[in-house]
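Report on one structure; see the data block that follows.
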Amino acid sequence: MRVLVVKDEESLAEAIGAGLRRDAITAETARDGREALAKLRLGGYDVLVLDRDLPGLHGDEVCRQVVVQRLLTRVLMLTSPGTVHHRPDAPGLGPGLGADDYLTKPFTHEELLARVLALGRRPRPVPAPVIAHAGVTVDTARGLAARDGRPLALSHTELGVLEVLLRARGAVVSGDDLIEEVWEEHTSYRTNAVRVTLGTLRAKLGDPPLIETVPGAGFRMTGGPDGGDDTDG
């Protein structure tokens, strides 16, 4: 099971993550809502442990984005004492806003672990088989890609990189994240592999360019008359 813990107090987030790892759960951390959404867009998390009272992008909005962006994870919201959980119209706590369960602070590790394990046993939603953005489509079930109806002859790694960038919905994806999602763990010269693969992928996609390099950060999809929004079909 893979869990993302989101809490602005880094020491507490790391303590929660360390506790989960002692129980053989893969746990990573994020310090704010924007970082959490960037990680979630890459996929692979079974459960999101989310502090509701985040500065900047509030936990309520993170929950909304989990639903709007169809990010495939279960959400355990950490709430303050006195928060009403049973009201379906409570701001940020309604069933349509992404939170699957709630845990009131303070809590014990045993309570948190039980909730995480229960959510992890629930079946995750199945991702849509077709991703589309700015005329580019990827049929993940059949391993096919096209731009404006023109089939693209992509290698396995090129297709994987394109899929990760499309699922990020315009967010920046780092080279390390691409390596983790697409390449084998022991790939040699991995940084060079990302550069070469992106070069051939850009050439095959053609003009106008759709993959932008963000210096010092990574890569993202651009383009589209609607400002770059993409959809799953």
Side-chain angles (χ1 to χ4, degrees), residues 1-21 25-83 85 90-94 96-107 109 111-113 115-116 119-120 124 164-181 212-222 227-230:
M1 184 188 301
R2 192 174 176 210
V3 175
L4 178 63
V5 178
V6 188
K7 194 166 180 55
D8 59 310
E9 299 169 86
E10 186 174 2
S11 60
L12 292 178
E14 289 297 337
I16 293 172
L20 293 173
R21 287 189 286 272
I25 293 173
T26 300
E28 301 174 26
T29 61
R31 284 181 288 180
D32 57 52
R34 289 183 174 83
E35 182 184 358
L37 288 174
K39 288 177 176 288
L40 288 169
R41 289 184 186 112
L42 297 177
Y45 294 100
D46 300 288
V47 178
L48 170 66
V49 177
L50 176 66
D51 191 353
R52 187 185 186 210
D53 301 316
L54 291 174
L57 191 65
H58 196 271
D60 293 359
E61 183 57 28
V62 175
C63 266
R64 292 187 183 96
Q65 290 303 316
V66 166
V67 174
V68 170
Q69 299 184 30
R70 287 174 280 187
L71 304 175
L72 306 178
T73 187
R74 298 295 183 186
V75 180
L76 173 61
M77 181 82 88
L78 307 180
T79 62
S80 299
T83 302
H85 296 163
L93 297 175
L97 291 173
D100 299 281
D101 196 6
Y102 312 97
L103 184 59
T104 301
K105 299 176 282 187
F107 50 83
H109 171 71
E111 289 175 308
L112 176 71
L113 178 63
R115 301 294 184 91
V116 167
L119 288 177
R124 294 175 66 198
V164 170
L165 291 174
L166 288 174
R167 289 200 185 281
R169 302 175 186 273
V172 175
V173 180
S174 71
D176 287 343
D177 285 333
L178 284 174
I179 289 168
E180 181 177 339
E181 293 291 325
E212 176 186 14
T213 298
V214 181
F219 313 91
R220 66 183 174 196
M221 295 295 294
T222 62
D229 290 342
D230 59 1

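Both backbone and side-chain heavy atoms feed into the values below; hydrogens, waters and symmetry mates do not.
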Heavy atoms of Thr29 and Glu35 approach each other most closely as O-OE2, 4.0 Å
Could Glu14 and Arg21 be called an ion pair, given the rule that one side-chain N must be under 4.0 Å from one carboxylate O? yes
Heavy-atom side-chain contact between Tyr45 and Leu72 under 4.5 Å: no
Rounded to the nearest 0.5 Å, how far does OH of Tyr102 lie from CE of Met77? 7.0 Å
Side-chain donor-acceptor pair under 3.5 Å between Asp46 and Thr73, yes or no? no
From Leu165 atom CG to Leu178 atom CG, the distance as rounded to the nearest 0.5 Å: 5.5 Å
Holding to side chain to side chain contact (heavy atoms under 4.5 Å, CB included), I want the full list of residues that pass it with Leu12, two or more places apart in sequence or in another chain. Lys7, Glu9
Ser80 side chain near Thr104 side chain, heavy-atom distance below 4.5 Å: no
Residues Leu166, Met221; criterion side-chain contact (heavy atoms from CB on, under 4.5 Å); working and verdict: CA-CA 7 Å; Leu166 288 174; Met221 295 295 294; 3.9 Å; yes
Given Val116, which of Val5, Leu103, Leu76, Asp101 fulfils the side-chain contact (heavy atoms from CB on, under 4.5 Å) condition? Leu76
With Leu20, the side-chain contact (heavy atoms from CB on, under 4.5 Å) member among Thr26, Val47, Leu113: Leu113
Are Arg34 and Val62 close enough that some pair of their side-chain heavy atoms sits under 4.5 Å apart? no
Considering all heavy atoms of both residues, which atom of Ala99 and which atom of Cys63 are nearest to each other, and what is their separation? N-SG, 3.7 Å
Answer yes or no: is there a side-chain heavy-atom contact under 4.5 Å between Glu212 and Phe219? no
Atom pair CZ (Arg74) and CG (Leu50), whose distance is rounded to the nearest 0.5 Å: 15.5 Å
Under the criterion side-chain contact (heavy atoms from CB on, under 4.5 Å), which of Val6, Leu4, Leu119, Leu48 is the partner of Val75? Leu48
Working to the nearest 0.5 Å, report the span between CG of Asp32 and CG of Asp51. 12.0 Å
Does any part of the side chain of Arg52, heavy atoms only, come nearer than 4.5 Å to the side chain of Asp60, both counted from C-beta? yes
What I'd like to find out is whether the side chain of Leu37 reaches to under 4.5 Å of the side chain of Leu57, using heavy atoms alone. yes
Working for side-chain contact (heavy atoms from CB on, under 4.5 Å), residues Lys105 and Asp53: CA-CA 11 Å; Lys105 299 176 282 187; Asp53 301 316; 3.6 Å; yes
Would you name the heavy atoms of Ala27 and Gly17 that are closest together and state the gap between them? CB-O, 3.7 Å
Qualifying residues under side chain to side chain contact (heavy atoms under 4.5 Å, CB included), relative to Val172, sequence neighbours excluded: Val214, Ala217, Arg220
Side-chain touch Val3/Val49, heavy atoms, less than 4.5 angstrom: yes
